[in-house]
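Quick notes on the structure that follows.
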Amino acid sequence: MFFTYLRRELRRRRKAALVVASGLALGIALVIVVNSVSNGMGRAQEKVLQSLYGLGTDMTVTKAATPASGDAQRPRFRFEAKDDDSEDKQSSDRVMAQGFTTLPASTVTEVAGQKGVSSAVGGLSLNVVKVSGQFTRGQFQQGDGGVEMRGKPGAGPRYRIEGGGADFDVNMYTVYGTDVTQPALGPLTSSEITSGRTFKTTETNAKVAVADAAYAKEKKLRTGSTVTIKGATYEVIGIATASSGDAAANLYIPLKQAQKLSGEKDKVTTVYVKATDSQQIGAVKSAIRKNVPGTTVTTSADLAKTVSGSLSTAADLAAGVGKWLSIAVLVAAFLVAGLLTSSAVSRRVREFGTLKALGWKSGRVTRQVVGEAVVNGLVGGVLGIALGLAGAYVVTAVSPTLQAQLGGSGGGPGGPGGGGAFLAGPGRQAAKSLEVALTAPVSATTIALAVGLAVAGGLIAGAFGGWRASRLRPADALRRVE
Amino acid sequence: MYELRGVTKRYTRGKDVVHALDGVDLTIGDGDRLVIQGPTGGGKSTLLQMLGGLDRPTSGEVVLDGTDLAELPEARLTRVRSENIGFVFQSFNLIPTLTAQENVETALVPLGIKAADRRERAAEALKSVGLGERLGHLPSELSGGQQQRVAIARALVKQPKVLLADEPTGNLDESMRDEIMDVLERMWKEHGLTFVMVTHDSALAKKAPRLATIRKGRITVTEKTGA
Ligand SMILES: Nc1ncnc2c1ncn2[C@@H]1O[C@H](COP(=O)(O)OP(=O)(O)OP(=O)(O)O)[C@@H](O)[C@H]1O
Ligand SMILES: [Mg+2]
């Protein structure tokens with residue numbers, strides 16, 4: 001009888017059931033969308049972080065920030081202004097370690113030896129500044145026009161310098177020296193080889209390079225081309241396309257070559273660390289900090305805190321407003337469902353009173369009411385999940401673009417060493433900015449949550465109605481209301 | 001066998017106290033038929049509620065076959081209702097979403113009878129009130145007289161000892177009144193019921209062999225010997 005009665009009620013009072021169900025559906029749909037968008041934000045942030053140091057990296061170790069190390073390490077360019085008016089081009093490459101700070105390569109093994117560290121790999125990020133051009137000595141000439149150099153105002157002849165100065169390009173790019181023996185960790189893992197091949201593990205000191213796709217396009221490089229860095233020629237063996245659209249470096253070369261180019265023998269700028277257990281990152285971080293002095297350990301969580309721009313604004317919105325909005329709507333939906341169920345019971349006072357007069361136990365009547373409410377909740381859940389999936393699909397289809405600035409608000413970026421070098425990642429001194437498309441992936445957990453909420457909503461509505469029904473007296477069968 | 005002694009029912013609404021029943025003493029033998037009449041608000045429905053175990057008196061005893069319903073715990077009172085008492089209401093009180101047959105079945109649900117048996121007995125009960133062809137009809141698809149006949153079938157399908165009817169013809173037009181009264185009379189005789197009926201119909205009341213009149217909660221019983 002329970003199911004017959006339930007079915008009949010739901011079928012014949014479809015409208016009332018739908019009103020309760022749609023209220024719940026709205027709340028549940030909102031939860032799904034907010035949850036999925038939050039997931040999407042998380043993924044977008046992850047993508048941003050990955051573009052910096054590749055997949056699987058749990059934290060990075062860099063040299064601890066030290067007071068500015070003076071001018072000694074500042075790059076110097078030396079050009080000679082030639083006497084003759086030669087058209088010869090001169091060029092000069094400056095190869096510097098990112099942030100001018102390095103760690104000894106032994107740090108890598110030291111870090112790898114820490115408890116909870118699954119693997120550690122060192123890398124050397126280099127900035128290359130190439131200046132090339134012509135320089136001619138200026139000539140003094142008397143006369144009008146041109147650039148005027150005034151002597152004492154109003155007196156004396158006029159002179160001008162003609163043709164003096166320089167005509168040169170400054171070309172900056174980034175090179176990352178990668179440990180080819182450990183291809184599973186490091187920045188290159190966030191790129192996909194779209195042409196040619198990646199490094200062989202034996203090419204520890206080979207004169208080969210992998211070029212980032214965007215840089216390769218700009219410089220018209222392809223597999224088989226050569227690039228020259230500070231006089232050394234490298235064969236491009238592969239083109240790597242960054243999965244997030246923004247690469248960690250323009251060129252990748254074997255670590256040893258990078259060390260040679262920059263004169264940083266047995267040095268690295270960053271150690272990429274993978275923990276054995278992603279839940280234990282905090283413990284690993286403090287172990288490294290304690291046992292490997294003079295280093296800064298940055299976890300992805302630390303880094304995520306420095307993400308700013310519309311991505312983080314949106315993420316904050318999803319986490320804040322979105323969360324509270326969906327909680328508020330959900331609570332409202334539960335309440336409305338409860339009140340509607342309760343008022344539906346009030347309209348059926350005589351019906352339930354009659355059943356009690358017929359000898360139905362109070363519990364049986366209550367169960368009937370709760371059963372109806374739970375089914376309403378489930379119908380609401382199904383509608384809500386459909387609506388939520390549609391909403392999430394729309395967000396993914398539209399996929400609004402969000403900007404992410406990394407380290408922009410942090411203390412260190414751009415500064416020498418420390419977190420700055422990490423935050424900026426190989427190849428960037430300043431805060432890094434990139435664009436990611438927002439998606440709203442609906443996870444199984446989200447669906448499970450929605451189903452749970454639907455059942456909870458039904459039970460809450462049922463509790464309201466059931467409580468009301470349980471208080472009805474059999475004598476209510478004789479009520480004249482209705 | 002009903003024995004009511006000093007049954008009083010007071011309703012309190014704020015400061016107002018209504019004596020719906022005021023010291024009612026009444027005996028109804030097994031298989032008896034009692035008609036109750038009286039002015040509106042006199043306490044007729046209240047008395048019927050006491051007899052049916054739908055409510056408890058403020059004081060006094062309502063003894064049915066040796067058990068005082070006034071003292072019975074709720075669960076046992078519910079059982080007495082489900083097993084021994086059939087109710088027919090003025091406004092039929094059918095479940096609007098259930099078919100005629102399902103409505104009759106609801107009376108058998110608390111008795112723990114299997115679904116197949118329930119259906120069969122419900123169909124039979126409906127046949128006996130002349131609705132064998134209307135098992136699958138909803139109340140809204142039946143006339144008032146037919147609805148009341150479904151309600152009578154529902155009251156009697158469990159074969160109770162007592163049939164209580166509160167103005168069973170009150171919502172029906174004249175042609176249907178006689179029809180329903182005929183059905184009730186036949187059922188009373190066939191099932192050997194103790195039958196208590198409240199009515200406003202003075203013609204009906206006049207015919208009754210035993211007539212109780214309730215005014216302001218007080219009862220007077222007139223017997224018509226040899227009627
Ligand atoms: N639940 C209640 N709360 C308060 N007062 C009530 C309640 N039920 C009945 N009464 C009062 O008790 C008195 C008797 O009511 P009852 O329903 O028994 O009268 P009745 O004789 O059946 O009248 P009618 O012929 O109109 O059906 C009335 O004054 C009524 O207002
Ligand atoms: Mg009445």
Side-chain angles (χ1 to χ4, degrees), chain A residues 1-20 341 344-373 375-376 379 465 467 469-482, chain B residues 9 11 44-46 48-50 52-56 74-75 77-99 101-115 118-119 122 138-140 151 154-155 157-158 160 164 166-167 170 198:
Chain A
M1 199 68 198
F2 175 78
F3 288 107
T4 311
Y5 192 9
L6 187 64
R7 221 170 40 235
R8 295 272 191 269
E9 279 301 318
L10 294 169
R11 193 135 46 105
R12 306 235 159 88
R13 292 195 224 256
R14 215 176 301 141
K15 265 187 204 150
L18 270 179
V19 168
V20 174
T341 308
V345 171
S346 298
R347 266 180 278 115
R348 290 162 71 188
V349 161
R350 256 222 333 237
E351 176 174 336
F352 294 132
T354 302
L355 289 172
K356 288 189 177 185
L358 288 174
W360 280 43
K361 285 192 193 114
S362 201
R364 190 187 289 277
V365 175
T366 305
R367 198 158 68 222
Q368 204 70 42
V369 171
V370 173
E372 283 178 27
V375 172
N376 283 344
V379 170
W467 180 76
S470 73
R471 283 166 45 95
L472 294 178
R473 302 171 309 125
D476 287 323
L478 294 161
R479 281 245 210 129
R480 244 164 265 178
V481 288
E482 214 167 348
Chain B
K9 180 71 182 179
Y11 291 110
K44 305 182 294 293
S45 296
T46 307
L48 221 57
Q49 284 176 36
M50 300 302 136
L54 299 187
D55 207 348
R56 295 165 199 277
E74 194 54 48
L77 195 59
T78 302
R79 224 175 72 213
V80 168
R81 282 201 304 270
S82 69
E83 287 170 356
N84 297 325
I85 295 162
F87 252 106
V88 176
F89 305 95
Q90 179 177 349
S91 42
F92 326 136
N93 290 22
L94 297 177
I95 312 296
T97 52
L98 296 180
T99 64
Q101 189 175 22
E102 287 158 356
N103 261 288
V104 175
E105 278 183 64
T106 58
L108 298 175
V109 167
L111 301 177
I113 293 166
K114 268 190 263 145
R118 241 168 31 207
R119 271 195 289 279
L138 289 173
S140 58
R154 178 178 64 183
V157 69
K158 62 192 175 193
L164 304 174
D166 194 350
E167 300 183 44
V198 171

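Order of the sequence lines sets the chain letters (A, B, ...), proteins ahead of strands, with each chain counted from 1.
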### Task
Would you indicate whether the side-chain heavy atoms of A:Ser362 and B:Glu74 approach each other to under 4.5 Å?
no
### Side chain to side chain, B:Ile95 and A:Glu9, heavy atoms closer than 4.5 Å
yes
### Message
I need the single residue from B:Val109, B:Leu108, B:Thr106 that forms a side-chain contact (heavy atoms from CB on, under 4.5 Å) with A:Leu358. Which is it?
### Response
B:Thr106
### Query
Crowded around B:Arg79 CZ? As in, over 12 foreign heavy atoms under 6.0 Å?
no
### Query
Considering all heavy atoms of both residues, which atom of B:Thr78 and which atom of A:Trp360 are nearest to each other, and what is their separation?
CG2-O, 3.9 Å
### Query
Side chain, backbone, both or neither: which part of B:Asp166 has a heavy atom under 4.5 Å from chain A?
side chain
### Task
Name the option with the most non-hydrogen atom pairs under 4.5 Å to chain A; the candidates are B:Ser91, B:Gly52, B:Ala155, B:Gly86.
B:Ser91
### Query
How long is the gap from NZ on A:Lys361 to CZ on B:Arg81, to the nearest 0.5 Å?
11.5 Å
## Note on the structure
Applying a strict 4.5 Å limit to non-hydrogen atoms, the region of B:Leu138 in contact with chain A is side chain
### Task
Please look at B:Arg118 and chain A and tell me whether the side chain, the backbone, both or neither of the residue comes under 4.5 angstrom of a heavy atom of that chain.
side chain
### Task
Measure the spacing between CG of B:Leu94 and OG1 of A:Thr354 and express it to the nearest 0.5 Å.
8.5 Å
### Task
Would you name the heavy atoms of A:Gly359 and B:Pro110 that are closest together and state the gap between them?
O-CB, 3.3 Å
